[in-house]
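Down below is the structure, laid out as structure tokens.
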Amino acid sequence: QVHLVESGGGLVQPGGSLRLSCAADRSSISIAIMGWYRQAPGKQREFVASFSTRHGADYGDSVKGRATISRDDGKDAVYLQVDNLKPEDTATYFCMCETVDLLEHWGQGTQVTVSS
């Protein structure tokens with residue numbers, strides 16, 4: 001089992017920026033993909049961004065042009081930078097990874113609130 005711990009959430013004003021971090025513990029199974037999803041109240045979970053060794057970064061339409069995902073393989077960590085935050089970005093953000101055995105692992109989530 002891979003354990004993921006997110007950090008960096010909080011209250012941000014519209015137009016501001018936020019950097020989320022996710023760290024994975026050591027595992028006997030290699031991690032192929034790490035990424036971020038979010039879920040707002042009353043809405044389905046939404047893809048935000050991912051990073052894979054094969055294909056690099058990918059972004060959901062809602063954050064395209066505003067978000068940057070990066071991965072530190074040496075530390076088994078992934079980061080999400082979101083600029084020009086909007087109220088619509090308010091959600092619980094979940095870190096996830098997919099190991100080479102095709103199993104998914106999820107963090108507990110971190111709350112992001114964009115409001116004046």
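All values below were derived from every heavy atom in this structure, side-chain atoms included, with hydrogens, water molecules and symmetry-related copies excluded. The structure displayed is predicted, hence computed values, not measured ones.
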What is the distance from atom NE2 of His105 to atom NE2 of His3, rounded to the nearest 0.5 Å?
9.5 Å
Exactly one of Arg45, Gln39, Arg38, Gln111 clears side chain to side chain donor-acceptor pair (under 3.5 Å) with Thr92, and that residue is Gln111
Is the side chain of Thr99 donor-acceptor paired with the backbone N or O of Leu102 at a distance under 3.5 Å, no angle test?
no
Could you tell me whether Lys43 atom NZ has more than 12 heavy atoms of other residues or ligands within 6.0 Å of it?
no
Side chains of Asp76 and Asp25: does their closest heavy-atom pair fall under 4.5 Å?
no
Step-by-step side chain to side chain contact (heavy atoms under 4.5 Å, CB included) determination, Ser62 to Glu88
CA-CA 9 Å; Ser62 61; Glu88 305 92 274; over 6 Å; no
Out of curiosity, Gln81 CD to Leu18 CG, how far, rounded to the nearest 0.5 Å?
7.5 Å
Taking the side chain as everything from C-beta on, heavy atoms only, tell me whether Ser115 gets closer than 4.5 Å to Pro87.
no
Atom CE of Met34 and atom OG of Ser70: how far apart are they, to the nearest 0.5 Å?
10.5 Å
Hey, are the side chains of Thr110 and Leu20 touching, using non-hydrogen atoms and a 4.5 Å cut-off?
yes
Please report the closest heavy-atom contact between Ala24 and Leu4, naming both atoms and the distance.
CB-CD2, 3.5 Å
Once you round to the nearest 0.5 Å, how far does CG of Asp83 lie from CZ of Arg66?
8.5 Å
Between CZ on residue Arg71 and CG on residue Leu80, distance to nearest 0.5 Å:
15.0 Å
Min side-chain heavy-atom separation Arg54-Ile33 under 4.5 Å:
no
Do the non-hydrogen side-chain atoms of Val2 and Ile31 ever get within less than 4.5 Å of each other?
yes
Residues Asp89, Lys86: salt bridge by 4.0 Å N-O rule:
no
Should Val112 and Met96 be regarded as members of a common hydrophobic cluster, given that ILVMFWY residues are connected when their side-chain heavy atoms come within less than 4.5 Å of each other, either directly or indirectly?
no
Can a donor-acceptor pair be found, under 3.5 Å and without considering hydrogens, that links the side chain of Thr90 to the backbone of Val114?
yes
Only one of Phe94, Tyr93, Trp106 forms a ring pair (Phe, Tyr, Trp, His ring centres under 6.0 Å) with Tyr37, so which one is it?
Trp106
Atom of Pro14, atom of Ser116 and distance for their closest heavy-atom approach:
CD-OG, 3.5 Å
Considering residues, nucleotides and ligands other than Glu104, do more than 12 of their heavy atoms fall under 6.0 Å from its CD?
yes
Less than 6.0 angstrom separating the ring centers of Phe47 and Trp36, yes or no?
no
Are the side chain of Glu6 and the backbone N or O of Gln108 linked by a donor-acceptor pair below 3.5 Å?
yes
Please tell me if the side chains of Tyr59 and Val48 come closer than 4.5 Å, counting only heavy atoms from C-beta onward.
no
I need the full list of disulfide bond (SG atoms under 2.5 Å apart) pairs touching residues 67-116, with sequence neighbours left out, sorted by first then second residue.
Cys22-Cys95
